[in-house]
2 protein chains.
Amino acid sequence: MKISGTSLDLSVTDYGITLDPTFTMLEFDGLRVLPVQTDPLIPGHAPPSVAVPVPQQSSMNLCAICADRATGKHYGASSCDGCKGFFRRSVRKNHAYTCRFSRQCVVDKDKRNQCRYCRLRKCFRAGMRKEAVQNERDRISCRREGQAVGTLTIDVLMQAEAFTQNPSQNLMMRDINSKKIACVGDVCESMKQQLLLLVEWAKRIPEFCELSVDDRVALLRAHSAEHLILGVARRSLPYNDIILLGNDFIIPFRGTEQEMSKVAARILEELVRPLKELNITDTEFVCLKTIVFFAPDCPGLQCAQAVRRLRFQAQVLLDESTSEQRGRFGELLLLLTTLQSVAWQMVEQLQLMRLLGKANVDSLLMEMLLGEEATRGPEALPASESNPEPLIFSTATESVLSRGILTEHIPMHNFTSVILPVPSSGLSEDPLLPTHTGPEVFTHGQAADMPTVHTCL
Amino acid sequence: MKISGTSLDLSVTDYGITLDPTFTMLEFDGLRVLPVQTDPLIPGHAPPSVAVPVPQQSSMNLCAICADRATGKHYGASSCDGCKGFFRRSVRKNHAYTCRFSRQCVVDKDKRNQCRYCRLRKCFRAGMRKEAVQNERDRISCRREGQAVGTLTIDVLMQAEAFTQNPSQNLMMRDINSKKIACVGDVCESMKQQLLLLVEWAKRIPEFCELSVDDRVALLRAHSAEHLILGVARRSLPYNDIILLGNDFIIPFRGTEQEMSKVAARILEELVRPLKELNITDTEFVCLKTIVFFAPDCPGLQCAQAVRRLRFQAQVLLDESTSEQRGRFGELLLLLTTLQSVAWQMVEQLQLMRLLGKANVDSLLMEMLLGEEATRGPEALPASESNPEPLIFSTATESVLSRGILTEHIPMHNFTSVILPVPSSGLSEDPLLPTHTGPEVFTHGQAADMPTVHTCL
DNA sequence: CATGAAAGGTCAAAGGTCAT
DNA sequence: CATGACCTTTGACCTTTCAT
């Protein structure tokens, strides 16, 4: 049902439209097709999963640059004809625009022509690649598939977050004065709760569940300390000079045990304060958390490439969520180095307190925070030699974490409990496990009263 | 998808439509021209209607407003450039004209400028629609120079980098096979050289020189290990499974001392490899280096806010340098967490080797990499307690670094020497120094044969 | 051989420029 | 400042290529 009518251009044909004779484009002016960027990682990775049906009408039909109606994929991004033409012209003529403002112009259907710099930039950010613009007349056979960024979505992340959050704290922030100051035991208890929640959070992410058991365990172990710090920092955002734990205890800026106060001060100063200044949104937070979570460098990862892709997706999601404010994305990402540093210090502090007998560190904390040599006495000091990198563990030997990683989702009954219920008995055997020939094999039988990563999964 | 068969309106409307003559200017605003009630847009191709009577040349070639020669259809009416521009300006600026006569002025080529009220009214009557006037667009002329976020520029950073690079390595990468495998001493020697170059690099950045001495020392100390790793990773980019030191020794992937091989493997796997895949540019590299350098969280910083701003600028510069590839900026920034982690491990390794007597760590390395307690015997093991964060030092007590930070630039004579010359004697006293009341005060007199941060500055 | 997604091209009608 | 001759950019519409 097209307008088959060939262009018998009757209408106003000849009203002397003096067609501009100098209309020639300065073809090839400075055209330089980039030196074949060996398309780095981040390839398409067609969704191999089972159910990824709905391609989202909204996102597929809308131009990723200006939100006008899209006419298909062009140069790697779903876009309208206008942005398609604009991108081609810009690349062909090797245009270098400049923004008259502060390079954070809004680019939508109405305003897309107001700043070419910001429009072109958004084209690139939306996934357009200049390599996809072909040379003038000829056509290159390359039918490269544009990268479908991935399957990770903000929605899924936000839901996972909602499922694993303590609603009572969210709804009413009761008077701070009524809360008790945490002792070391309270802190450890809170950490344990939060780690269990982290496991539950991860299980809500389909892409995580598709990984192998070993990889899931490795990811959960790798950066758990950072998740604890990140979570506590976010929870403390509404308050001043106070850290609010997940179990409703608080750590004041000053006035706790000496050991805690150092870390607490850094959390407040180096994390809570910048996050307050940035006024981080929920969306941004879950993206950050996901970026931390899918750490491709953590040792023992079989499928590091898949994890890298997932982090890439999360990173791009964050970028897209923050595009309004110049420099915001970078500031948020740079907080991750601070987060890593603080988490490190916390782990060292915890390690020390355990060795000094000041803290009772149970097996889950041992496994996820201090390394896997849990259930041992504090005989071996993990000095520089034995554990040069506290946050990243050498291999994914099975242990507490290994058990239960295959467990089904446990519905959180009305969110009333902060602690996750211990996985229902049943399937305790995991035939897949002993892939690794870890030097030490432990057997943890006390899953009921001593949750571990494996039992939680 | 396609335009549904629109009601074929025979484009060539009759503008003669005499509209209510009592229109006031303000009424024009809401004016809905009757004649053309068809889809106004749809330019170009004519609907496949039957046979539209060929429009009168006269009406098509003549401006419907002033009867000047028309240049096409504009805003819905065949018109000349003058009336086109007049209409656009009037609508854009929302001009409200008034007729000084009786709103019956003749509007023709000669008199069209005599009454704006009547001219605009005639525009509307001829079928021009104010809706067809679009928003203001971007400027075409590109004479405007984009404003910078701050004072930091890529150029300055690139120059600083060029000044402090070993040109011999850059020009010809001689056969790798001829290079010797580094022993621990070679590594330490290379590190020392590179740290001196780092100081020199920093001094080439005006914004750095404007900081206080204490802050300069703090910055130089804070992340020097990361700079060493970053530098060595970049230098090793052209090779495979080999780390190339600044003094031309190499560290193979396997086959060195056990202590080095761990860190070396991580450098190759977690840094060199991703950097190769990303194919990092020189511009991007200096931005990354600058981001690492201006670390606002490093302790003892007086002017943390200024440093934060500088890092922000560097971060935005990197963003703009990478905007052509989606996700690239984020991937580069995320490498910094890896960098931090590897650097940490290296420091711990170095610390350990020093304690075991395997490495001879001189005072500059002590100060910049291991903390400031240099020139001491290895009596105090910097365990978790004493130095929970190896890369960041607690306070900026004066020491080796403190001396010489005020020294003038030392021209690098033809780049022949890798090592920086020791600052020319002269101004060795620094009256500003003892601001801090550090618990320990050392005096380093051996500036000549034992460079320190202060002596280098 | 037909089909459709995604390249390419066209050009009326927007926009902007800058002596006057 | 406004005008208008002259030039650029935009984007709706259309053709061509190529994998399926």
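Because only heavy atoms are used, hydrogens play no part in the values below, and waters and symmetry mates are left out as well, while side chains stay in. Residue numbering restarts at 1 for every chain, and letters A, B, ... go by the order of the sequence lines.
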Expressed as a whole number of angstroms, how long is the span from [X]:[atom1] to [N]:[atom2]?
X	N	atom1	atom2	answer
B:R137	C:dG15	CZ	C1'	5 Å
B:D68	D:dA5	CG	P	6 Å
A:Y97	C:dG16	OH	P	15 Å
B:F87	D:dG4	CZ	C1'	17 Å
B:K109	D:dT3	NZ	C1'	12 Å
A:R129	C:dA6	CZ	P	11 Å
A:K130	C:dG8	NZ	C1'	19 Å
B:D81	C:dA13	CG	P	13 Å

What about [X], does its side chain sit under 3.5 Å from the base of [N] through a donor-acceptor pair?
X	N	answer
A:R92	C:dG8	no
A:R88	D:dG11	no
A:R89	D:dG11	yes

Inset, instruction - For the pair A:R112 and A:D68, evaluate salt bridge (Lys or Arg N to Asp or Glu O under 4.0 Å) and give the outcome as yes or no after the intermediate values. - result: CA-CA 10 Å; A:R112 66 187 174 200; A:D68 195 359; 3.1 Å; yes
Counting only side-chain N and O atoms of [X], is one of them less than 4.0 Å from OP1 or OP2 of [N]?
X	N	answer
B:H95	D:dA2	yes
B:N113	D:dG4	yes
A:R119	D:dG11	yes
A:R112	D:dG11	yes
B:Y75	C:dG15	yes
A:K93	D:dT9	yes

Inset, instruction - For the side chain of A:H74, starting at C-beta, report the closest nucleotide among C:dA6, C:dA14, D:dC13. - result: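 My answer, after comparing the listed nucleotides, is C:dA6.
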Inset, instruction - For the side chain of A:K84, starting at C-beta, report the closest nucleotide among C:dA14, C:dG8, D:dT9. - result: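 Between C:dA14, C:dG8, D:dT9, the one nearest the side chain of A:K84 would be C:dG8.
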Inset, instruction - State, to 0.1 Å, how close A:V107 and A:K122 come at their nearest heavy-atom pair, and which atoms those are. - result: O-NZ, 3.4 Å
Inset, instruction - List the atom of A:S212, the atom of A:Q302, and the distance in Å for their closest heavy-atom pair. - result: OG-OE1, 2.8 Å
Legend entry - Worked verdict on A:T151 versus A:E207 for side-chain hydrogen bond (donor to acceptor under 3.5 Å, both in side chains): CA-CA 8 Å; A:T151 57; A:E207 288 81 358; 2.5 Å; yes
Legend entry - Nucleotide-level pairing of DNA chain C, given in dot-bracket where Watson-Crick and G-U pairs need both distances under 3.5 Å and | marks other strands: .|||||||||||||||||||
Legend entry - Any A:L333 side-chain heavy atom under 4.5 Å of A:I291 side chain: yes
Legend entry - Heavy-atom donor-acceptor pair, A:Q315 side chain to B:G327 backbone, under 3.5 Å: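 Yes, because the side chain of A:Q315 sits within donor-acceptor range (under 3.5 Å) of the backbone of B:G327.
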Inset, instruction - Report the C-alpha distance between B:R121 and B:R103 in whole Å, list the side-chain angles of each, state the deciding distance to 0.1 Å, and finish with yes or no for side-chain contact (heavy atoms from CB on, under 4.5 Å). - result: CA-CA 9 Å; B:R121 185 179 64 173; B:R103 299 197 275 223; 3.8 Å; yes
Inset, instruction - Tell me, please, whether A:Y75 has A:R88 positioned over its six-membered ring: NZ or CZ under 6.0 Å from the ring centre and within 45 degrees of its axis? - result: no
